[in-house]
Amino acid sequence: MVSMTTSAAKADSGTSDARGTSVIVNAIAVLRCFSAEEPLLGVTEIAQRVGMHKSTVSRILATLEQEELVERDPDSRRFKLGLGLIAVAGPLLAELEERRAAYPLLRRLTEQTGETSALMVWNGRESMCVEQIASPQQVKHTAPLGARYHDAFSASVQVFLSLEPEDRVRSLLRDGTVFYPGLDDAGLEAYVLRLGDVARRGFATNYGESSLDEVGVAAPVYDHRGDAVAAVLIPAPKFRVSPERLQTLGEACAATARLVTSRLGG
């Protein structure tokens, strides 16, 4: 009796393992459907390519979306790869074009300013750190790779939002996707005007607005198509940065962002 029970348990375990492996293989097959040539795909297209039923593909995509491995394009509602892949695939960051282009220039920027410099990317609702050169000073501000920011007054968030359509900015703020404490109509209008200033000036500033003891400046990076693909960020302790020095850091940040843009063919 014991032998039969043990055999049955082994059979069940084998079936469970096979089922789990099948789910993983199917999820990988879905992810591999996306490419640089076809970054946006719908459920039907994916189902046809992997030979699975649409309901199965929908369940897989729902799980991948929950884990931020895929995300929906806000305009077409089709799927694309998500930045969550960057957070779980650190070694692949070395292959990120923007990161490779920015790295030596970030090192130079940190040497020039004495402050931490970072490269940020945008997933449509939050800013994520994909590269960082830490300040050599004892007191500094740093963040782990993959750290995400959705505070409206974060310098990098301001930069990315300044390049978004105004109606989308209003939507992101109103539904709380981008965090703005105590948002009201007057605050929203003032913020939209602020983003216009950011776009005209070429860099954003955050003088202790999202964190009392930290300041930040950020500037956009463009690729060869003229699309904003990243932002250069300098975060620093507030006690070390006067309003006048904040302007100087902003100009240095913008100059570095232009150099990264140039390296990307922008």
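Basis for what follows: all heavy atoms, side chains included, without hydrogens, waters or symmetry-related copies. The shown structure was predicted, so the numbers you read here are calculated from the model rather than taken from an experiment.
Partners of Asp197 by side-chain contact (heavy atoms from CB on, under 4.5 Å), not counting sequence neighbours, listed by chain and number: Arg200, Arg201. By the side-chain contact (heavy atoms from CB on, under 4.5 Å) test, Arg170 pairs with Glu166, Arg174, Leu188, Glu189, Val192, sequence neighbours left out. Every residue two or more places apart in sequence or in another chain was checked for a ring pair (Phe, Tyr, Trp, His ring centres under 6.0 Å) with Phe179, and none qualifies. Residues passing the salt bridge (Lys or Arg N to Asp or Glu O under 4.0 Å) test with Lys54: none are found, sequence neighbours excluded. Not a single side-chain hydrogen bond (donor to acceptor under 3.5 Å, both in side chains) links Glu67 to another residue, sequence neighbours left out. Residues forming a side-chain contact (heavy atoms from CB on, under 4.5 Å) with Ala257 (at least two apart in sequence, or on another chain): Ala219, Val221, Val232. Every side-chain contact (heavy atoms from CB on, under 4.5 Å) that Pro235 has, sequence neighbours left out, goes to Thr116, His141, Glu214, Leu233. Not counting sequence neighbours, the partners of Glu65 by the salt bridge (Lys or Arg N to Asp or Glu O under 4.0 Å) test are Arg72. Listed by chain and residue number, nothing satisfies the salt bridge (Lys or Arg N to Asp or Glu O under 4.0 Å) test with Arg258 (two or more places apart in sequence, or in another chain). Residues passing the salt bridge (Lys or Arg N to Asp or Glu O under 4.0 Å) test with Arg240 are Glu115, sequence neighbours excluded.
In this structure a side-chain-to-backbone donor-acceptor pair under 3.5 Å is present from Ser162 to Val159. Proximity of a side-chain donor or acceptor of Lys238 to a complementary backbone N or O of Gly208 within less than 3.5 Å is not detected. For Arg99 (side chain) and Glu131 (main-chain N/O), no donor-acceptor pair under 3.5 Å exists by modelled atom type. A distance-only check finds a donor-acceptor pair linking the side chain of Tyr191 to the backbone of Ala152 [under 3.5 Å]. Panel note: side chain Gln132, backbone Leu145; no donor-acceptor pair is recorded below 3.5 Å.
When all heavy atoms are compared, the tightest approach of Ala118 to Leu106 is O-CD2, 3.9 Å. The two atoms that bring Ala218 and Cys253 nearest to each other are CA-SG, 3.8 Å, heavy atoms only. Nearest approach of Arg77 to Pro74, heavy atoms of both residues: CD-O, 4.0 Å. Contact detail for Cys33 and Leu41: the closest heavy-atom pair is O-CD1, 3.4 Å. Looking at every heavy atom in both residues, Arg125 comes nearest to Val178 through O-CG2, 3.9 Å. Minimum interatomic distance between Gln112 and Ala252 (heavy atoms only, all atoms of both residues): NE2-CB, 3.7 Å.
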Are Asn206 and Asp151 close enough, and set up right, to give a side chain to side chain contact (heavy atoms under 4.5 Å, CB included), and what steps lead you there?
CA-CA 11 Å; Asn206 170 16; Asp151 190 296; over 6 Å; no

Verify side chain to side chain contact (heavy atoms under 4.5 Å, CB included) between Glu98 and Leu264, making sure each step is shown before the conclusion.
CA-CA 7 Å; Glu98 293 86 354; Leu264 291 173; 3.9 Å; yes

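Two different hydrophobic clusters hold Val157 and Val121 under the rule that ILVMFWY side chains link at heavy-atom gaps under 4.5 Å. Note: the hydrophobic cluster containing Ile234 does not contain Val198 (ILVMFWY, side chain heavy atoms under 4.5 Å, direct or indirect links). Under a hydrophobic-cluster definition in which Ile, Leu, Val, Met, Phe, Trp and Tyr are linked whenever side-chain heavy atoms come within less than 4.5 Å, directly or via other members, Trp122 and Tyr180 are assigned to the same cluster. Met120 and Leu249 sit in two unconnected hydrophobic clusters of ILVMFWY residues. Membership requires side-chain heavy atoms under 4.5 Å apart, directly or through other members. Linking Ile, Leu, Val, Met, Phe, Trp and Tyr whenever their side-chain heavy atoms come within less than 4.5 Å puts Val130 and Ile133 in one cluster.
Pro104 places none of its side-chain heavy atoms less than 4.5 Å from the side chain of Arg107. Side-chain atoms of Phe79 and Val43, non-hydrogen and from C-beta on, do get closer than 4.5 Å to each other. You'll find the side chain of Leu61 reaches within 4.5 Å of the side chain of Ile46, heavy atoms only. Contact of the Leu163 side chain with the Pro220 side chain is registered, since non-hydrogen atoms from C-beta on lie closer than 4.5 Å.
Within 6.0 Å of atom CG in Leu193, more than 12 heavy atoms from other residues, nucleotides or ligands are found, so the atom counts as buried in its surroundings. For Asp213, the CG atom is densely surrounded, since the number of other residues' heavy atoms within 6.0 Å is greater than 12. Counting non-hydrogen atoms of other residues, nucleotides and ligands closer than 6.0 Å to CZ of Arg108 gives a total of 12 or fewer.
With rounding to the nearest 0.5 angstrom, the OG1 atom of Thr205 is 11.0 Å from the CZ atom of Phe153. The distance from the NE2 atom of His150 to the OG atom of Ser210 is 11.0 Å, given to the nearest 0.5 Å. Rounding to the nearest 0.5 Å places CD1 of Ile60 at 5.0 Å from CG of Asn26. Note that CZ of Phe34 is 11.0 Å distant from NZ of Lys80, once rounded to the nearest 0.5 Å.
Screening Thr261, Thr110, Leu109, Leu119 for a side-chain contact (heavy atoms from CB on, under 4.5 Å) with Thr256, the sole residue that qualifies is Leu109.
When hydrophobic residues (I, L, V, M, F, W, Y) are linked wherever their side-chain heavy atoms come within less than 4.5 Å, the members clustered with Val139 are Phe239.
Screening residues 216-234 for side chain to side chain donor-acceptor pair (under 3.5 Å), with sequence neighbours left out, gives Asp223-Arg225, Arg225-Asp227.
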